[in-house]
Chemist: 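The structure under discussion is supplied below as structure tokens; questions concerning it will follow.
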Amino acid sequence: QVQLVESGGGLVQAGGSLRLSCAASGRTSGVYAMGWFRQAPGKEREFVAFISWSGGSTWYANSVKGRFTISRDNAKNTVYLQMNSLKPEDTAVYYCAGAGTNAVTATRYDYWGQGTQVTVSS
């Protein structure tokens with residue numbers, strides 16, 4: 001099993017920044033890609049970004065492209081999501097997830113964290 005624990009969420013004003021972290025533990029050898037998803041109240045969970053094991057491949061949702069950056073430190077088994085120029089519409093619970101392949105759909109991810117709340121005030 002793989003355990004994922006997110007941290008770094010909070011309340012920030014529009015235009016501000018936050019950095020989310022996701023620490024992985026357990027049998028992480030089977031996890032190739034790490035992704036971030038988010039879910040706002042009353043909405044479906046949506047893809048935000050993923051990064052491959054080597055970090056050589058990344059992909060972003062159009063809504064966050066140019067504002068968010070995903071990175072990973074394999075020595076620390078940790079994935080980060082740097083979020084800049086935050087907007088009120090970025091408000092959501094953010095989840096990190098692990099998959100055996102690069103993927104943008106939630107169903108391709110086998111492991112999920114508990115989520116961390118990000119609230120952006122206007």
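FYI, side chains are in, hydrogens and waters are out, and symmetry mates aren't considered; it's all heavy atoms of this structure.
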Chemist: Determine the minimum heavy-atom distance between A103 and R108, stating which atoms define it.
Modeler: CB-CB, 3.4 Å
Chemist: Can any side-chain N or O of R72 pair as donor or acceptor with the backbone N or O of S52 at less than 3.5 Å?
Modeler: yes
Chemist: Is any side-chain heavy atom of V79 less than 4.5 Å from a side-chain heavy atom of W36?
Modeler: yes
Chemist: Applying the 4.5 Å side-chain criterion to the ILVMFWY set and letting contacts propagate, would V64 and V120 be lumped into a single cluster?
Modeler: yes
Chemist: Check salt bridge (charged side-chain N to carboxylate O under 4.0 Å, His left out) between E89 and all other residues, then give those that pass, not counting sequence neighbours.
Modeler: none
Chemist: Determine whether the aromatic ring centres of F37 and Y109 lie less than 6.0 Å apart.
Modeler: yes
Chemist: Should the heavy atoms of other residues, nucleotides or ligands under 6.0 Å from NZ of K43 be counted, would the total exceed 12?
Modeler: no
Chemist: Measure the spacing between CG of N77 and OG1 of T28 and express it to the nearest 0.5 Å.
Modeler: 4.5 Å
Chemist: Calculate, to the nearest 0.5 Å, the distance between atoms CG and CZ belonging to N84 and F68 respectively.
Modeler: 8.5 Å
Chemist: Is there side-chain contact between R67 and D90, with heavy atoms separated by less than 4.5 Å?
Modeler: yes
Chemist: In Å, rounded to the nearest 0.5 Å, how long is the span from OG of S122 to CD of Q13?
Modeler: 9.5 Å
Chemist: For R45, does the CZ atom have more than 12 heavy-atom neighbours from other residues, nucleotides or ligands under 6.0 Å away?
Modeler: yes
Chemist: Quick one: CD1 on I70 to CD on Q82, what's the gap to the nearest 0.5 Å?
Modeler: 12.0 Å
Chemist: Is K76 close to S21 at the side-chain level, that is, under 4.5 Å between some pair of heavy atoms?
Modeler: no
Chemist: Looking at side-chain heavy atoms only, is the closest gap between V48 and M83 below 4.5 Å?
Modeler: no
Chemist: For the residue pair N102 and W53, establish whether any side-chain heavy-atom pair is separated by less than 4.5 Å.
Modeler: no
Chemist: Do other residues, nucleotides or ligands put more than 12 heavy atoms under 6.0 Å from the CH2 atom of W59?
Modeler: no
Chemist: Taking atom OH of Y80 and atom CD1 of I51, what is their separation to the nearest 0.5 Å?
Modeler: 11.5 Å
Chemist: Determine the minimum heavy-atom distance between S121 and L11, stating which atoms define it.
Modeler: CB-CD1, 4.3 Å
Chemist: Under 4.5 Å between side-chain heavy atoms, hopping through other hydrophobics if needed: is there a path connecting F47 to V31?
Modeler: no
Chemist: Using the rule that Ile, Leu, Val, Met, Phe, Trp and Tyr join whenever any side-chain heavy atoms are under 4.5 Å apart, tell me whether V93 and V12 fall into a single cluster.
Modeler: no
Chemist: Between CG of L81 and OG1 of T116, what distance do you get to the nearest 0.5 Å?
Modeler: 11.0 Å
Chemist: Sub-3.5 Å donor-acceptor pair from the side chain of T91 to the main-chain atoms of P88, do we have one?
Modeler: yes
Chemist: Closest heavy-atom contact between S63 and R38?
Modeler: OG-NH2, 3.5 Å
Chemist: Do the side chains of M34 and L4 get nearer than 4.5 Å, heavy atoms only?
Modeler: yes
Chemist: Main chain of Q114, side chain of E6: is a donor-acceptor contact present, judged purely on distance under 3.5 Å?
Modeler: yes
Chemist: Which heavy-atom pair separates A49 from Y60 by the least distance, and what is that distance?
Modeler: CB-CD2, 3.6 Å
